[in-house]
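Convention: sequence-line order gives letters A, B, ...; per-chain numbering from 1. Please read these numbers as outputs of a predicted model, since none were measured by experiment.
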There are 2 protein chains.
Amino acid sequence: MNIGDVATLSGLPAKTIRYYEDIGLVKPLRSSNGYRTFRESDAHKLAFLGRARALGFTIEDCRNLLALYEDEERASAEVKEIAKQHLERIDGKIKELKEMRATLAHLVEECAGDHRPDCPILADLSMKRRDEDMRRKSA
Amino acid sequence: MNIGDVATLSGLPAKTIRYYEDIGLVKPLRSSNGYRTFRESDAHKLAFLGRARALGFTIEDCRNLLALYEDEERASAEVKEIAKQHLERIDGKIKELKEMRATLAHLVEECAGDHRPDCPILADLSMKRRDEDMRRKSA
DNA sequence: CTAAGGGCTCCCCCCGCTGGAAGGTCAACA
DNA sequence: TGTTGACCTTCCAGCGGGGGGAGCCCTTAG
């Protein structure tokens, strides 16, 4: 299989696949004309990578997951640990985003959004730390 | 004020402030020794930027917000529009993360996490698109 | 006089790709 | 046989939003 074929199969852009080779995630063979030649197993790995990335795992996570995937003797505990840590990262991000959302939604509600210049959003962004602390406490 | 002073006041690292000058968000003066000299207004802008960035606004958003902040004739509708768009971006990200979280949490639950190699997490990551679609539908 | 603690510029690094230029290869068709 | 046009190759640059660090200058206190 050439790169275009695995790209179609895995849903990853060819550029990304070349990059994954660069950083050592896949190691396709080369045919005499210099083209990359992918085996079935490479195609599987790439599909695996695509799904892991879609779940938000970092490239380093993927590298470790792939190593475990290939290791028949692995302990599922190792995999679970990686996934759990990732779950925590996701939870952290969700929390952060929700806090932003809450503040922002509040400000958007307060803002008249008309032709006048008075704007609570700008007022909040420009206000001093002391006031911000007060707002936080009252919220 | 030198850069260290505004860094302390705004809570932004000096590096970041230099970067903001680079991209034209602030335009401090220079004193004869080459040091940046920040006015009160620069300090306010930087604090403004720090808070806008903390709410997740992109640099380009910040640029626009800052312009509106400085424009006494602005219409609050313009500010509100930027904020609303950002709110939508945040909602999109939260949704995305929640979907990841749901899938991942399910997998983590299923995984025994012991010394044995059997692992539903790896099984899911390596399984074919058809099966994935089925799982999605049943979920 | 010297040392510490600012400040300055400059360039490379991070992540995870993405785009583009300049060129080689291959299959189909006239 | 020549010529398209779709592939493929490498390499270099850049995104956002800074961070790290080298190697230098300036200032102030002891």
For residues 68-77 of chain B, which residue pairs qualify under salt bridge (Lys or Arg N to Asp or Glu O under 4.0 Å), counting only residues two or more places apart or in two chains?
B/K45-B/E70

Looking at B/N33, does any N or O in its side chain come under 4.0 Å of the phosphate oxygens OP1/OP2 on C/dC8?
no

Under 3.5 Å, is there a donor-acceptor pair between the side chain of [X] and the main chain of [Y]?
| X | Y | result |
| --- | --- | --- |
| B/S76 | A/C119 | no |
| B/H86 | B/L55 | yes |
| A/S10 | A/L46 | no |

My understanding is that only residues two or more places apart in sequence, or in another chain, count here; which of them pass salt bridge (charged side-chain N to carboxylate O under 4.0 Å, His left out) with [X]?
| X | result |
| --- | --- |
| A/R101 | B/D91 |
| A/R39 | A/D42 |
| A/E109 | none |

Between the first and last five pairs of the helix from C/dC1-D/dG30 to C/dA30-D/dT1, the angle of the axes, rounded to 10 degrees:
30°

Salt bridge (charged side-chain N to carboxylate O under 4.0 Å, His left out) between A/R63 and A/E60, intermediate numbers included:
CA-CA 5 Å; A/R63 199 187 296 282; A/E60 279 323 293; 3.1 Å; yes

Counting only heavy atoms and a strict 4.0 angstrom limit, can you tell me which residues of residues 83-100 of chain A come near DNA chain D?
none

Contact residues, residues 20-31 of chain A to DNA chain D [heavy atom, < 4.0 Å]:
A/R30

Distance, nearest 0.5 Å, that separates [atom1] of [X] from [atom2] of [Y]:
| X | Y | atom1 | atom2 | answer |
| --- | --- | --- | --- | --- |
| A/K93 | B/E96 | NZ | CD | 9.5 Å |
| B/L12 | B/T8 | CG | OG1 | 10.5 Å |
| B/Q85 | B/D61 | CD | CG | 8.0 Å |

Using distance only, find each side-chain donor-acceptor pair of residues 23-34 of chain B under 3.5 Å and give its atom names and separation, not counting sequence neighbours.
residue: B/K27; atom: NZ; partner: B/G24; partner atom: O; Å: 3.3
residue: B/R30; atom: NH1; partner: B/G34; partner atom: O; Å: 3.1
residue: B/R30; atom: NH2; partner: B/E21; partner atom: OE1; Å: 3.3
residue: B/R30; atom: NH2; partner: B/E21; partner atom: OE2; Å: 3.4
residue: B/S31; atom: OG; partner: B/N33; partner atom: OD1; Å: 2.7
residue: B/S31; atom: OG; partner: B/Y35; partner atom: O; Å: 3.4
residue: B/N33; atom: OD1; partner: B/Y35; partner atom: N; Å: 2.9

Sorted by chain and number, sequence neighbours left out, ring pair (Phe, Tyr, Trp, His ring centres under 6.0 Å) with A/F38 holds for none

Answer whether the closest heavy-atom distance between the side chains of B/N2 and B/D5 falls below 4.5 Å.
yes

On the 0 to 90° scale, with breaks at 30° and 60°, tag the A/Y69-A/F48 ring pair as parallel, tilted or perpendicular.
parallel

Opening and closing nucleotides of DNA chain D in contact with chain B, under 4.0 Å to non-hydrogen atoms
D/dG17 to D/dT27

What are the two closest heavy atoms between B/R53 and B/Y20, and how far apart are they?
CG-OH, 3.5 Å

Quick tally for nucleotides 10-15 of chain C: nucleotides whose base has a protein heavy atom under 4.0 Å get B, sugar-phosphate-only ones S, the rest -, giving B-----

Could you please spell out the steps behind the salt bridge (charged side-chain N to carboxylate O under 4.0 Å, His left out) verdict for A/E99 and A/K95?
CA-CA 6 Å; A/E99 283 168 12; A/K95 187 158 174 290; 3.4 Å; yes

Polar pairs (N or O, both sides) under 3.5 Å between protein and nucleotides 5-7 of chain C?
residue: C/dG6; atom: N2; partner: B/Y35; partner atom: OH; Å: 2.8
residue: C/dG7; atom: OP1; partner: B/G4; partner atom: N; Å: 2.5

